[in-house]
Amino acid sequence: MQLLTSTAACPRRPLLVSYFPRCDWVIMSYRRACGRGRSQPMGAAWMARERRQPRQPLSTRPAATRVPPSQRQRVQSCRRAADTTRRARAAPARCTRVTPKTAPCAQPYRTRRPPPRTLHARRRPAMKYNGVDIDFDPNAKDDTVTAAQETTTSRRKERVDLVWRDLSFSVMVAAKKDASSAPPAPPPPEALVAEAEAPLKRARHPKHVEKQILQSMSGAVRAGSMLAVMGSSGAGKTSLLNLLAGRITSKNARAAGAVFVNGKPREYASFKKLAAYVLQDDDMFAELTVKEQLTYAALLRLPASMPREKKLLRVQRVIQELGLAKVQHTMVGNQIVRGISGGERKRLNIGAELVTDPALLFLDEPTTGLDSFNALNVMTSLRQLASNGRTIVSTIHQPRSSIFALFDQLCLLSEGRVMYFGPARDAVPYFASLSFQSPAQFNPADFFLDLLSVDPRSKEREDATKARVEYLGDRFVNQAAPLPIEHPDHDVEAPVAAQPDTSAEGPHDDRLMDTEFQSSWLNEFFVLCGRSLKLARRERTANGVRLGQVFFFSIILGLIWLNNGRTDDDGGAARLSLGGVLFFIIINQAFGGVFAVIFGFPLERSIITRERASSTYRTSSYFLSKTLTDFPKTLFFNTLFCLIVYWMVGLNPTVGAFFVFILVIFLTSFVSESLAIAVSVMTGDAQSAAGIIPVFIILGVLFGGFFIGASELDGWIAWAKWLSFVFYAFNALGKNEFGGREFDNPQIQAANKAALNTFNDLSMWENIAGLCGILVIFRLMGYLFLHYLRGPKFLKF
Ligand SMILES: Nc1ncnc2c1ncn2[C@@H]1O[C@H](COP(=O)(O)OP(=O)(O)OP(=O)(O)O)[C@@H](O)[C@H]1O
């Protein structure tokens, strides 16, 4: 037994096991009896291995394989290492331990332990169901990357290295009248005495205080690599992204610092051509297909010198690059109409920016709202874009570990300060060196967020977490070396070498022009007209509702005033009642036009704001195309309405009068739509617009001349009628119906004359001109509000 005890702790033990395979349980039993338990279960592992790979007895082995006892320990560890490598090779590549130099960018974060022994290491029969291989390997390398790589032949010629130094950002915010905004330092006693003696003055609070959002941020990202900007909510990720992209919109904001592009200070005009920004919101036209969305983006954003076929080729390439081929003919959809999935939508959002082939891509939380599988798909597509030579900067919330592993570089923010900037794979060791060790098998992204978030749940926790964040911020500032502008120093895989453009597009006419807009005004106008007409045709729900409204009101009105225009045996009463139906028709059409806009336009406005921010087209070409394409739709619904109501009521039976009637009703509807557009643009949101627009319509109705005659209004307010579009419309319809009519029945003739006298002194055409004038004013206001009030204005620093 003494022999066995000493053998258990001795390096010769494996040899003993190989000669006496059953002795191991004897050793274990003895060790258990001695109280050592299973603390060193090596014997069992060796036995198992020896059984799997029975070795020759020592005496029969070649002499070369025999090793002196002094080296056995090393040999054992070498064997274990070889064994680990064998298992790791059998296991998927993502689990392998890799050295920094050999680690490809797409490798997930390296664990410090050798990979656990999993089922994948063992050979097992492939799982099949209905003859299909349904094996699942969570660590398997995503072959869509490789597939996309194969389909994308071109590599970028234009490459962007981005460096930023000492960026800071602050905004003026309203001061709170609480303890925190009161003067912080207590005054000295003598000041208190003086204050007590002085006449009582109220403490003055500044109205606005400066809120520091980002402080002294520096960093760099190289072409071909992908930078993740991470941090808890409110850490300043979006603000940093906006600063880097040159898209700070706040009016009261102040920004400082410098951004360098390929070693030179950023120039906004050329930077705009290089960079694209993918917003978090993926508002898109629901009625267009994936391919149509990208095609319109290409037709509008690619240079006029590039032939249409090449633009379409570019669209195909983007579709391939983002893996959207399967859904290219599917409508985008929305909550009502089912369309593409959330992940595909995000990729389409990215694709709309990729059509210009930007060298630098900024993305604000591209995975928000996606499940982790779709999020991985989107990020894999981005990884692919980076591998092709683009520079990608993306903010991201809580990426799963496989997404985190796709990033080359990491910028961790907290409380507007940098906590870490450098290679993503070095972040865990960095924090470990500061005694903040990430638990094994823990998603590093989760660890960073937990470590760097300020916990507001109690005062103690808040103080402790704030102090930790402050400490980490100070440590990073103290150790971080200044970044060279020319050659940002970070250890990432060398980017792909610049190659000639081998794509089918050819090398020449696809270069973006130096002008702000790439397309001519006329081209923009025609493309936007085509898009608007297509959308107008496909808005099935809105069109269906409006059609129902037209039929319902025209038939109801027709039934209530049925044949009143033809009746000649009631002493003129029916004739006099026609003023009521004319006025009601105007009110109905005014409100119908408004509601068509209130609920549809806000989405369109947010899309065009985004498109204009990317200089996709001019405001004027958009607005004119919208005006022109709204025209046929409004005309169609109004003509249908007139056709029904006009003949049911029996209004002026001449063809000319009928067409004038249609014209006035159409203009009324178009004016109210224009009013709704102007107010929607001015207010900026649907709720406020829905509250304000009816006020304007009701005022118009009030001064329209039906409830109180124009001549009966008091002088101080009489002018208001000239601003009312209902006034012009009602008078024009009145003149059209009652003017110049001759009846055999004198009573009817008298009633007609009496009705005519209630209208204003302007002629019918003068009233129509007044209506047109108001239409032009409202449309112009809409354009000016859109161009100046809601235009993308970015702070330059
Ligand atoms: N224009 C502004 N006016 C006032 N405060 C602002 C403004 N812009 C940003 N902030 C504040 O700055 C902080 C950082 O905002 P930012 O949007 O950059 O954070 P974030 O890290 O992107 O947050 P999230 O992940 O929630 O989007 C927040 O507290 C925000 O309220």
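Each ligand, and each atom within it, is numbered from 1 in the order the structure gives.
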[atom] [closest protein heavy-atom partner, distance rounded to 0.1 Å]:
atom: atom 8 (N) of ligand 1; answer: Ile213 CD1, 3.7 Å
atom: atom 4 (C) of ligand 1; answer: Val171 CG2, 3.5 Å
atom: atom 22 (O) of ligand 1; answer: Thr238 OG1, 2.6 Å
atom: atom 16 (P) of ligand 1; answer: Ser239 OG, 3.7 Å
atom: atom 27 (O) of ligand 1; answer: Glu365 OE2, 3.6 Å
atom: atom 1 (N) of ligand 1; answer: Ser250 OG, 2.8 Å

Taking the six-membered ring for Trp, are Phe448 and Phe431 ring centroids under 6.0 Å apart? yes

By side chain to side chain contact (heavy atoms under 4.5 Å, CB included), Glu415 pairs with (sequence neighbours left out) Val454, Lys466, Val469

Less than 4.0 Å is my threshold; does some heavy atom of [X] fall inside it relative to ligand 1?
X: Ser232; value: yes
X: Ala235; value: yes
X: Ala253; value: no

Any idea which heavy atoms bring Arg612 and Tyr617 closest together, and the distance? CG-CE1, 4.0 Å

Decide, yes or no, whether a salt bridge links Arg531 with Glu292 under the criterion of side-chain N to carboxylate O below 4.0 Å. no

A quick test of your reading: do over 12 heavy atoms of other residues, nucleotides or ligands sit less than 6.0 Å from OH of Tyr783? yes

Above 12 or not: heavy atoms from other molecules or residues under 6.0 Å from CD of Gln398? no

Ligand-residue contact atoms, ligand 1 with Val173, heavy atoms, under 4.0 Å: 4 (C)

Subset of ligand 1 atoms that lie under 4.0 Å from at least one heavy atom of His397: 25 (O)

Residue from Phe476, Trp164, Tyr430 passing ring-ring contact (aromatic ring centres under 6.0 Å, His included) with Phe421: Trp164

What pairs of donor and acceptor atoms, side-chain ones from residues 786-797 against any protein atom, are under 3.5 angstrom apart with sequence neighbours left out?
unit_1 : atom_1 : unit_2 : atom_2 : d
His787 : ND1    : Thr619 : OG1    : 2.8
Arg790 : NE     : Val681 : O      : 2.8
Arg790 : NH2    : Met682 : O      : 2.6
Lys793 : NZ     : Tyr788 : O      : 2.7

Winner among Ser233, Ala174, Gly234 once heavy atoms are compared against atom 13 (C) of ligand 1: Gly234

From the options Lys211, Met230, Gln280, Met172, select the one whose nearest heavy atom is closest to atom 29 (O) of ligand 1. Lys211

Just say parallel, tilted or perpendicular for the rings of Phe271 and Phe362, cut-offs at 30° and 60°. tilted

